[in-house]
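Shown next, in structure tokens, is the structure this report addresses.
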Amino acid sequence: MNAPGSSARRPFVGPCPVLYDGNDVRNAWAHARRDLVLTQPPSVEVHGWWHDRAEAVVAALRRELPHTAIARGPGLDPIARAWRQHRDGDRAVADVVDLARAADRAGLDALVLDPEAAWKGRNPTERAALSSIAAEAVETIARELPALPLYVTTYASPV
């Protein structure tokens with residue numbers, strides 16, 4: 001595992017299988033394990049919200065694919081939906097930045113932010129506010145965690 005804040009991260013390059021099965025990536029890992037171990041892809045993204053089940057999958061990936069870069073790929077819709085309730089931009093920024101800090105603490109090789117449909121905004125005012133939150137979050141992550149590669153995706157495909 002990489003040390004937190006490490007610049008010795010594995011390069012996150014394609015092809016990149018994405019492990020995702022709703023809120024339980026263990027199912028995706030169970031189904032994909034044999035093929036991933038056989039192919040040893042250069043990168044794997046563990047997609048979805050973060051919890052102990054994802055941490056267990058990352059530990060298994062590290063054991064069985066020791067040369068594979070591992071990225072965390074959280075969907076960000078829960079943060080945008082929460083913002084619609086509390087309208088606190090600083091809190092929304094902090095929530096996104098906390099995802100990056102957690103990826104860094106876990107020694108992951110990259111973070112792939114997935115701003116889903118809730119980030120599109122329902123009107124120009126909402127779009128502007130959400131755009132500002134996203135920009136500030138990305139700028140904060142880049143400033144605080146310059147060694148953590150940061151990607152943005154849609155539909156769980158790295159861009």
Side-chain angles (χ1 to χ4, degrees), residues 1-83 91-120 133-159:
M1 180 159 79
N2 298 325
S6 170
S7 61
R9 299 181 193 275
R10 294 166 185 85
F12 185 66
V13 297
C16 177
V18 176
L19 291 178
Y20 176 73
D21 186 7
N23 285 323
D24 193 349
V25 295
R26 292 175 304 177
N27 290 331
W29 169 241
H31 291 290
R33 179 177 175 253
R34 180 179 165 271
D35 290 338
L36 291 174
V37 170
L38 284 172
T39 60
Q40 296 285 313
S43 301
V44 171
E45 177 187 332
V46 179
H47 185 74
W49 205 245
W50 207 246
H51 40 69
D52 60 344
R53 293 175 297 224
E55 290 173 5
V57 169
V58 168
L61 286 165
R62 286 280 186 233
R63 279 191 311 274
E64 299 202 37
L65 289 84
H67 304 292
T68 296
I70 301 171
R72 176 181 183 186
L76 299 179
D77 265 5
I79 294 171
R81 283 193 297 270
W83 172 82
R91 180 174 162 189
V93 169
D95 288 345
V96 176
V97 173
D98 284 346
L99 296 171
R101 290 180 184 134
D104 187 60
R105 280 191 308 273
L108 296 179
D109 299 295
L111 177 66
V112 181
L113 298 174
D114 187 0
E116 302 158 306
W119 286 85
K120 291 185 170 124
I133 289 166
E136 185 177 342
V138 168
E139 289 168 5
T140 302
I141 293 167
R143 185 175 57 254
E144 286 187 19
L145 303 167
L148 179 66
L150 180 62
Y151 298 86
V152 177
T153 183
T154 186
Y155 304 111
S157 300
V159 176

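All values below were derived from every heavy atom in this structure, side-chain atoms included, with hydrogens, water molecules and symmetry-related copies excluded.
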Can you give me the closest heavy-atom contact between [X] and [Y], atom names plus distance?
X      : Y     : value
Leu36  : Pro17 : CD2-CG, 3.6 Å
Leu65  : Pro41 : CD2-CD, 3.6 Å
Thr140 : Val93 : OG1-CG1, 4.4 Å

Ignoring hydrogens and angles, tell me if any N or O in the side chain of Arg9 forms a donor-acceptor pair with the backbone of Leu108 under 3.5 Å. yes
Donor-acceptor contact present, side-chain Glu64 to main-chain Gln40, <3.5 Å: no
Do the side chains of [Y] and [X] get nearer than 4.5 Å, heavy atoms only?
X      : Y      : value
Leu19  : Val44  : yes
Val18  : Val112 : no
Leu111 : Pro74  : yes
Arg72  : Val46  : no
Trp83  : Asp95  : no

According to salt bridge (charged side-chain N to carboxylate O under 4.0 Å, His left out), who are the partners of Glu116, at least two apart in sequence or on a separate chain? none
Quick one: do Asp98 and Arg101 make a salt bridge, cutoff under 4.0 Å? yes
Just to verify, what does Ala69 make a side chain to side chain contact (heavy atoms under 4.5 Å, CB included) with, not counting sequence neighbours? Arg10, Phe12, Ser43, Asp109
Set of side chain to side chain contact (heavy atoms under 4.5 Å, CB included) partners for Pro42, sequence neighbours left out: Val13, Pro15
Could you grab the distance from atom [atom1] of [X] to atom [atom2] of [Y], nearest 0.5 Å is fine?
X      : Y      : atom1 : atom2 : result
Arg62  : Thr68  : CZ    : OG1   : 9.0 Å
Leu150 : Leu145 : CG    : CG    : 9.5 Å
Ile133 : Leu76  : CD1   : CG    : 11.5 Å

Does Arg81 CZ have over 12 foreign heavy atoms under 6.0 Å away? yes
